[in-house]
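Just below is one structure, and these are the notes that go with it.
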Amino acid sequence: MAAPQPQSSSFRVYTRWRPPIGNESSLSEMECRVEQHGTNHSISLASQSNSKRPRTWKSGPSFARVFPADAVNADIFEGVVAPTLPRVMNGATCKFFAYGHSGSGKTHTIIGYNYEDDQHLGLYLSSARNLFRAIAEIKNGLEPSQADDDLDKEALGIAVRLYEVRGKYAYDLFNNGTECHVRQGYDGRTYIRGQTEMLEGGKVRVRPIVAIPCWSYDELRRVVLDGVEKRKNGSSTVHDESSRTHAFLELEIITKALLEARDAVIERESELVPVGKRATDIYLEEHKRTLIRTPEGMLIPDPNVPLNQERIDAAEVEKRECEARVKEAEDAVADYLKGRRQPCLGGKFVFVDLAGSEYFDQGAGISGGTTKQTSQERQQGRQINTDLFALKEVIRARASNQARLPFRSSPLTMVLRDYFLATDDEESAMILTVSPCESQIAATMNTLKYGNLVGDAGGSTKN
Ligand SMILES: Nc1ncnc2c1ncn2[C@@H]1O[C@H](COP(=O)(O)OP(=O)(O)OP(=O)(O)O)[C@@H](O)[C@H]1O
């Protein structure tokens, strides 16, 4: 029989085995075999235990590459992220997901635990450092023909955003973990908005996720490590909590001029709120004033009290003018990006440390159900399951060019919508982190099965 043909799924899936840690080195390991099929790989797992019904499983040719336990973070960066750098430097958005059970190495891969040694730097910081190097090359190639102020506004930097998605909310780690609402706007886009601030003159400002602009790698590193520290301190037990949230780490190439243009949109939106409210109030007030109650208790227009249509119209005109100013500010951002002097402006790396895979398809229970869960934890588990299922469905729908993409199926996919729609999935990837321990074979198989479905987005393998 002919060997299965590798699928040309645009979304690549990698597997990274971690070494045994702590007392795991004295425990037995599962058996793993990797076979190559063209450019893809399949993985076979078998338990080594003497149980009567040993567990075995074989994937389809769904994996772009399998990194062995002795691979360090620098190898993952070179093999997975570095090839996408030219695309980000051309304005694309490249997304990387880490998926695996709690303690399998997601944070080790994305953020890392050693910030001094280049070999062990997490993908996020390695990407930032390489982006700064690429930006410096562009700067070096430029002739300073503009005025100093203009040059300052047009200097390239990197904005970092760091937030967690849990349930229906996002939590902004650069804004004291502020709870932000995730909702779909009238234009179909997803808006993540934080606390409402009441300003002078009735203005109401609702801030999006905070972006901290950084102008050097050292500055960015300081800012990120501070945010990561906040993530740890905000959790009761690091592993329990971090495995229940999806952490988003974003790097975007920006200029001061771009950030100022975006701030202008928020400012104008804040002006629109009281003007819109006034127009509604005047409309209601006028209509109420002209109504009378009949003896039967019905409200009808009073023929002796004319409606002050002029007052209503004036308020409407003011509101429309304000809406036009918001639109003008939005267009200024779009025009600035369209006419950008540097193609890299707006280019993004997005890293998502997904909630623990032990939740996926386990319903209310996790990891064999040995731990008694509270009802809140069970609900969180169900939500994570919904999120991870929805993510897989979105990736598969995109790979098969479906017209309708189910972004609204979960808060996670709603947040991911704009990242997905910004660029195709050509250079995006999922990294499955797995443990070699026999005792964790169920969780490892669960992770690989999920990755198999994602990597098989073209549809060759069956489960
Ligand atoms: N590839 C690896 N090489 C060496 N050590 C690793 C590797 N992967 C993970 N570890 C170590 O294993 C431990 C758990 O890893 P990590 O914190 O990254 O897990 P996680 O998947 O992020 O867990 P959680 O979802 O609970 O946050 C850490 O001490 C980490 O340093």
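In listed order, ligands and their atoms are each counted from 1.
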H101, portion touching ligand 1 at heavy-atom distance under 4.0 Å: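 Only the backbone of H101 comes within reach of ligand 1.
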
Proximity of I21 to ligand 1 by residue part, where a heavy atom lies under 4.0 Å: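 Side chain only.
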
Side-chain donor-acceptor contact under 3.5 Å, H101 with Q440: yes

Polar contact flag, side-chain donor to acceptor under 3.5 angstrom, Y419-S428: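 The answer is no; no qualifying pair exists.
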
[X] N/O to ligand 1 N/O under 3.5 Å:
X    : value
T109 : no
T433 : no
D353 : no
S104 : yes
K106 : yes

Ionic contact status for D226 with R222, cut-off 4.0 Å: no

Polar side-chain atom of R16 near backbone of A71 as donor-acceptor pair, under 3.5 Å: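 It does hold such a pair.
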
Close approach, P19 and ligand 1, non-hydrogen under 4.0 angstrom: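 P19 counts as a contact of ligand 1 under the 4.0 Å cut-off.
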
4.0 Å heavy-atom contact, G103 with ligand 1: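 It does; at least one heavy atom falls under 4.0 Å.
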
Residues forming a ring-ring contact (aromatic ring centres under 6.0 Å, His included) with Y163, sequence neighbours excluded: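 Here the qualifying residues are F248.
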
As an exercise, identify every atom of ligand 1 less than 4.0 angstrom from a heavy atom of [X].
X    : result
R16  : 1 (N)
G105 : 8 (N), 9 (C), 15 (O), 16 (P), 18 (O), 19 (O), 20 (P), 21 (O)
Y113 : 16 (P), 17 (O), 18 (O), 28 (C), 30 (C), 31 (O)

R129: partners by salt bridge (Lys or Arg N to Asp or Glu O under 4.0 Å), with sequence neighbours left out: D118

is_close_aromatic(Y169, H181), centroid dist under 6.0 Å: yes

R398 to F420, cation-pi by 6.0 Å centre distance and 45° axis angle: no

